[in-house]
Amino acid sequence: MAARTAARGGVGLRRRCLTSLALALALPASMSALAAGPTITLCYERADVKPWRTQTGEGLNFELLRLVAERAGVEFHFQSMPWKRCLAQLKANAVDGAFAVSYKPDRREIGEYPGGATPDAGKRMHIDRYILLRRKGGTLDWDGRALRNVDGAIGAQLGYSITDQLRSLNVTVDEGSQRSDELVKKLLAGRLAGAAVGGSDARTLLEGPYGDRIEALPLPLVEKPYFLMLSHQLVARQPALAQRVWAAVEQARNSPAYQKLERAGSKGAPR
């Protein structure tokens, strides 16, 4: 009898030890999951827009978001895709956010900007410019208010916000290209009078194989901030998380670590 009691006690002890061991093994995993925080899926344009981002996930935008993730206690998952598809995915709440997005009033149907209808420029990711390119020696001109000597359409990339400004200047807009180098090819072929491209794209094109046949007009078409937009669904369901992420963007962008990276990465960018 005593032997059976001892045996039952031994089995119970072993069970308790195994349970304690299982809990001990599970604890680090659960702590790791908590440390990682919520996962936020972001889409971005499948294009190289240096120094901000590349298709392979490099550039200042990714450096900034790495710092944001640390400050906000979140984990970002990135998906690259054509720009119009990225915005469509955001509108459908198929992703949690998109970057880097300039402000257009109608884009508020797609997602949320920090600050809402009047975006908070302090929470921007970066500032960039649109530059107008023409064939070298061309007469197309821009004085900051009006375009002159426009002998054809002005090209812009599909889905880009600059198309609204160009149309407001009463010029024909060709937005049938997804890449800036496609615009330059059309420009050199005489199919466009000019090409409106982002400042970082302009630098790449002017320093590339087409550089000896194109030139940038001295005045930018526009300078604007670019934001991390979040989905309507995320903002509605987790408003505190959204505000925490946007606040972290401002804090990280103003941090000495990021400021140093931005000065080095933006060196030589068109002004």
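Along the sequence shown, residues carry numbers from 1.
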Student: Check Glu70 with Arg66, please: is the shortest side-chain N to carboxylate O separation under 4.0 Å?
Tutor: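 Glu70 and Arg66: salt-bridged.
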Student: Taking C-beta and beyond as the side chain, do Trp246 and Glu112 meet within less than 4.5 Å on heavy atoms?
Tutor: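 Touching, per the 4.5 Å side-chain cut-off.
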Student: Testing the basics here: between Ile154 and Ala193, what is the closest heavy-atom pair and its distance to 0.1 Å?
Tutor: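 Ile154 and Ala193 have their closest heavy atoms at CD1-CB, 4.2 Å.
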Student: Salt-bridged, Arg179 to Glu182, with N to O below 4.0 Å?
Tutor: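 Judged by the 4.0 Å cut-off on N to carboxylate O distance, Arg179 and Glu182 do form a salt bridge.
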Student: Do Pro114 and Val249 have side chains that get closer than 4.5 Å, going by heavy atoms?
Tutor: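 A side-chain contact under 4.5 Å is absent here.
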Student: Output yes when a side-chain donor or acceptor of Arg124 lies under 3.5 Å from a complementary backbone atom of Ala121, and no otherwise.
Tutor: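 Flag set: sc Arg124 to bb Ala121 pair under 3.5 Å.
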Student: Donor-acceptor pair, distance only, cut-off 3.5 Å: does the side chain of Asn149 make one with the backbone of Thr139?
Tutor: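 At least one qualifying donor-acceptor pair exists.
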Student: Decide, yes or no, whether a salt bridge links Glu175 with Lys84 under the criterion of side-chain N to carboxylate O below 4.0 Å.
Tutor: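 Here Glu175 does not pair with Lys84 in a salt bridge, since their nearest N and O are not under 4.0 Å apart.
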Student: Which atom names give the shortest non-hydrogen contact between Leu230 and Leu90, and what distance separates them?
Tutor: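 Of all heavy-atom pairs spanning Leu230 and Leu90, the closest is C-CD1, 4.0 Å.
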Student: Is there a path of hydrophobic side-chain contacts, each under 4.5 Å between heavy atoms, that joins Leu169 and Tyr130?
Tutor: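 In one cluster with Leu169: Tyr130, yes.
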Student: For Lys185 and Ser177, test the side chains for any donor-to-acceptor distance below 3.5 angstrom and give the result as yes or no.
Tutor: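 Result is no, nothing qualifies.
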Student: Could you tell me which non-hydrogen atom of Ile214 sits nearest to which non-hydrogen atom of Leu133, and how far apart they are?
Tutor: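 Nearest heavy atoms, Ile214 then Leu133: CD1-CD1, 4.2 Å.
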Student: Can you tell me how far the CG atom of Leu65 sits from the CZ atom of Phe76, to the nearest 0.5 Å?
Tutor: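 It comes to 5.5 Å.
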Student: State, with a plain yes or no, whether a side-chain heavy atom of Arg46 is found less than 4.5 Å away from one of Gln79.
Tutor: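 A side-chain contact is absent here, since even the closest heavy-atom pair is not under 4.5 Å.
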Student: Determine, using the 4.5 Å side-chain heavy-atom cutoff (strictly less than), whether Leu158 and Val49 are members of one ILVMFWY cluster.
Tutor: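 No, Leu158 and Val49 fall in different hydrophobic clusters.
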Student: Show, in sequence, the C-alpha distance, side-chain angles and deciding distance for Gln157 and Asp201, and conclude whether the side chain to side chain contact (heavy atoms under 4.5 Å, CB included) test is met.
Tutor: CA-CA 11 Å; Gln157 285 162 263; Asp201 279 341; 3.7 Å; yes
Student: Do Leu166 and Val197 land in one hydrophobic cluster if side-chain heavy atoms of ILVMFWY residues count as linked below 4.5 Å?
Tutor: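 Unlinked, Leu166 and Val197 end up in two clusters.
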Student: Side-chain contact, heavy-atom cut-off 4.5 Å: Pro82 with Gln178?
Tutor: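 SC-SC contact between Pro82 and Gln178 confirmed.
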Student: Applying salt bridge (Lys or Arg N to Asp or Glu O under 4.0 Å), run through Lys186 and Asp174 and close with a yes or a no.
Tutor: CA-CA 10 Å; Lys186 286 183 178 181; Asp174 179 337; 3.4 Å; yes
Student: So does Arg191 have more than 12 non-hydrogen atoms from other groups sitting under 6.0 Å from CZ?
Tutor: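 No - once you tally the heavy atoms of other residues, nucleotides and ligands closer than 6.0 Å, there are 12 at most.
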Student: Mind running side chain to side chain contact (heavy atoms under 4.5 Å, CB included) on Val95 and Leu42 for me, showing each step along the way?
Tutor: CA-CA 6 Å; Val95 295; Leu42 303 178; over 6 Å; no
Student: Is the gap between the ring centers of Phe99 and Tyr226 under 6.0 Å?
Tutor: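 Between Tyr226 and Phe99, which both carry aromatic rings, the centre distance is not below 6.0 Å.
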Student: Are Trp83 and Val101 close enough, and set up right, to give a side chain to side chain contact (heavy atoms under 4.5 Å, CB included), and what steps lead you there?
Tutor: CA-CA 10 Å; Trp83 188 232; Val101 191; 3.6 Å; yes
Student: Can you see which heavy atom on Tyr113 is nearest to which on Phe227, and at what distance?
Tutor: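 So the minimum-distance heavy-atom pair works out to CD2-CD1, 3.8 Å.
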Student: Would you say Gln165's side chain and Leu221's backbone share a donor-acceptor pair under 3.5 angstrom?
Tutor: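 Checking the backbone N and O of Leu221 against the side chain of Gln165, a donor-acceptor pair under 3.5 Å is found.
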Student: Applying the ring-ring contact (aromatic ring centres under 6.0 Å, His included) criterion to Phe62, which one of Tyr258, Trp52, Tyr44 satisfies it?
Tutor: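 Of Tyr258, Trp52, Tyr44, ring-ring contact (aromatic ring centres under 6.0 Å, His included) with Phe62 is met by Tyr44 alone.
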Student: Can you see which heavy atom on Ala100 is nearest to which on His126, and at what distance?
Tutor: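 Smallest interatomic distance, heavy atoms only, reads CB-CE1, 3.6 Å.
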Student: Met81 versus Gln89: any side-chain heavy-atom pair under 4.5 Å?
Tutor: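 They are in contact (side-chain heavy atoms under 4.5 Å apart), so the answer is yes.
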Student: May I ask you to decide whether Asp164 forms a salt bridge with Lys104, counting only side-chain N to carboxylate O separations under 4.0 Å?
Tutor: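 Salt bridge: yes.
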Student: Checking side chain to side chain contact (heavy atoms under 4.5 Å, CB included) for the pair Val68/Arg253: CA distance, chi angles, key distance, verdict?
Tutor: CA-CA 9 Å; Val68 170; Arg253 198 195 70 252; over 6 Å; no
Student: Drop me the distance from Leu140's CG to Arg135's CZ, to the nearest 0.5 angstrom.
Tutor: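 With rounding to 0.5 Å, CG (Leu140) is 9.0 Å from CZ (Arg135).
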Student: Taking Leu183 as the starting point, is it possible to reach Tyr210 by hopping between hydrophobic residues whose side chains are less than 4.5 Å apart?
Tutor: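 Cluster IDs for Tyr210 and Leu183 match.
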Student: Any chance the side chains of His232 and Asn93 put a donor and an acceptor closer than 3.5 Å?
Tutor: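 Short answer, no.
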Student: Compare every heavy atom of Ile162 with every heavy atom of Ala156, then report the nearest pair and how far apart it is.
Tutor: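 Scanning both residues completely, I find the closest heavy atoms to be CB-CG2, 3.8 Å.
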Student: May I ask you to test the Leu64-Leu60 pair for a side-chain heavy-atom distance under 4.5 Å?
Tutor: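 No, too far: nothing below the 4.5 Å cut-off.
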Student: Less than 4.0 angstrom from a charged side-chain N to a carboxylate O is my criterion; do Arg148 and Asp143 meet it?
Tutor: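 Looking at Asp143 together with Arg148, the answer is yes, because their closest N to O distance falls below 4.0 Å.
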Student: Please check if the side chain of Arg129 supplies one atom and the backbone of Pro220 the other of a donor-acceptor pair under 3.5 Å.
Tutor: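 Between the backbone of Pro220 and the side chain of Arg129 there is no qualifying donor-acceptor contact (under 3.5 Å).
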Student: Could you give the distance from CG (Asn254) to NZ (Lys123), rounded to the nearest 0.5 Å?
Tutor: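 Result: 10.5 Å between the selected atoms.
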Student: Hey, are the side chains of Glu58 and Arg53 touching, using non-hydrogen atoms and a 4.5 Å cut-off?
Tutor: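 Not in contact.
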Student: Assigning hydrophobic clusters by single linkage (Ile, Leu, Val, Met, Phe, Trp, Tyr; side-chain heavy-atom cutoff under 4.5 Å), is Met125 placed with Val235?
Tutor: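 Same cluster.
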Student: Is the backbone of Ser102 close enough, under 3.5 Å, to the side chain of Arg107 for a donor and an acceptor to pair up by distance?
Tutor: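 Looks like yes, one N/O pair under 3.5 Å.
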Student: Quick check for you: to the nearest 0.5 Å, what is the distance between Leu188 atom CG and Arg134 atom CZ?
Tutor: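 If we round to the nearest 0.5 Å, Leu188:CG and Arg134:CZ are 13.5 Å apart.
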Student: How about Lys136: does its NZ atom have over 12 heavy atoms from other parts shown lying under 6.0 Å from it?
Tutor: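 Result for NZ/Lys136: enclosed.
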Student: Taking Ser200 for the side chain and Lys50 for the main chain, is one N or O donor matched with an acceptor at less than 3.5 Å?
Tutor: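 Indeed, once roles are kept as given, a pair shorter than 3.5 Å links the two residues.
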Student: Quick one, Ile131 and Leu217 - any side-chain contact, counting heavy atoms below 4.5 Å?
Tutor: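 In short, these two side chains do not touch, never coming nearer than 4.5 Å.
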Student: Measure the spacing between CG of Leu147 and CG of Asn170 and express it to the nearest 0.5 Å.
Tutor: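 CG of Asn170 is found 10.0 Å from CG of Leu147.
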Student: Rounded to the nearest 0.5 Å, how far apart are CG of Asp96 and OG1 of Thr41?
Tutor: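 One finds 5.0 Å between CG of Asp96 and OG1 of Thr41.
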